[in-house]
Structure formats: C-alpha cells, structure tokens
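Below is one structure, written out as structure tokens; comments come after it.
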Amino acid sequence: MAHADWDLLDPAHLDQLLNSGSDFELLRRDDFIIGLAFAELVLDGTVDSIVRERAMTALRRQATEQVLSLRGGGGKAVVPPWPPSRLRGFA
C-alpha cells in the first residue's frame with residue numbers, strides 16, 4: 001500500500017484497493033490511526049495535527065459505502081440486547 005493512500009476517499013480508487021487484496025492493510029491502518037488519535041486525546045488531552053488529519057480522513061473512509069459493505073456494516077440498525085434505560089446511568 002502506498003504511503004500516499006492516507007488521503008484516499010475516491011470511491012473508484014477505494015473499490016480498486018479493497019478488491020485488490022490490500023483491504024486488510026487499509027482497514028488495519030485506519031484502525032491504528034483512529035486508535036492512536038483517541039489514545040493521544042485521552043492520555044495527553046490533545047492530538048498531534050498530522051495524526052488528527054489522518055484520523056479524520058480514516059473516519060470518513062470508514063463511513064463510505066465501500067468500507068461499510070466490506071465490514072458488514074450499514075443498512076439495518078443493530079438492536080442492543082439490553083434496554084436503553086440501562087445506559088442512562090453512564091451519561
């Protein structure tokens with residue numbers, strides 16, 4: 001996977017990459033950068049500007065139809081096995 005693909009959001013190029021066998025690399029890298037940004041925010045209270053930019057792009061990419069369908073997401077909502085009232089105490 002090219003280093004330049006950090007900014008990949010083009011649907012046609014994304015389809016090509018996901019169907020070329022590089023999907024695991026792309027999804028793993030997205031998961032990593034999103035996790036890194038979250039960890040920096042929790043531990044340091046701030047996120048490095050490059051990490052933030054790449055994490056925001058990764059989040060946008062994860063929300064595309066191509067990635068959602070590959071990961072089995074999107075479409076119908078998942079109903080939690082517990083009543084929503086149980087979550088109110090965490091807010």
Side-chain angles (χ1 to χ4, degrees):
M1 171 177 298
H3 183 66
D5 288 335
W6 279 106
D7 298 329
L8 175 62
L9 289 171
D10 175 60
H13 190 188
L14 190 53
D15 268 336
Q16 179 185 12
L17 187 63
L18 292 174
N19 293 320
S20 71
S22 297
D23 55 331
F24 179 73
E25 293 173 29
L26 177 68
L27 300 177
R28 180 180 57 189
R29 188 170 67 179
D30 280 356
D31 293 344
F32 167 77
I33 199 68
I34 293 166
L36 177 61
F38 183 73
E40 284 186 5
L41 182 63
V42 169
L43 296 174
D44 301 334
T46 186
V47 180
D48 177 80
S49 62
I50 294 173
V51 172
R52 181 184 184 280
E53 180 181 324
R54 289 183 174 173
M56 293 301 293
T57 301
L59 287 168
R60 287 186 196 99
R61 186 172 29 250
Q62 292 297 309
T64 63
E65 183 143 342
Q66 292 84 0
V67 175
L68 285 173
S69 66
L70 182 72
R71 286 196 168 200
K76 62 181 181 176
V78 176
V79 179
W82 56 85
S85 60
R86 285 186 57 195
L87 298 176
R88 289 192 188 110
F90 293 105

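Residue numbers run from 1 in the order of the sequence given.
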Would you list the atom pairs, donor with acceptor, under 3.5 Å between side chains in residues 39-53 and any protein atom, with sequence neighbours excluded?
from, atom 1, to, atom 2, distance (Å)
Glu40, OE1, Asp48, N, 2.9
Asp48, OD2, Ile50, N, 3.0
Asp48, OD2, Val51, N, 3.3

Check residues 65-72 and write down every donor-acceptor pair under 3.5 Å in which the side-chain atom is one partner and the other belongs to a residue at least two apart or another chain.
from, atom 1, to, atom 2, distance (Å)
Ser69, OG, Glu65, O, 3.0
Ser69, OG, Gln66, O, 3.1
Arg71, NH1, Asp31, OD1, 3.4
Arg71, NH2, Asp31, OD1, 3.1
Arg71, NH2, Asp31, OD2, 3.0

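Separation of atoms CG (Leu18) and NE2 (His13) is listed at 9.5 Å; rounding is to 0.5 Å. The CG atom of Asp30 lies 4.0 Å from the CZ atom of Arg61; values are rounded to the nearest 0.5 Å. Rounding to the nearest 0.5 Å gives a distance of 10.0 Å between CE of Met56 and CD1 of Ile34.
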task = Evaluate the criterion side chain to side chain contact (heavy atoms under 4.5 Å, CB included) for residue pair Leu14 and Leu26; output intermediate values, then yes/no.
result = CA-CA 10 Å; Leu14 190 53; Leu26 177 68; 3.6 Å; yes
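Counting only distance, with no hydrogens or angles, the side chain of Arg54 and the backbone of Trp6 share no donor-acceptor pair below 3.5 Å.
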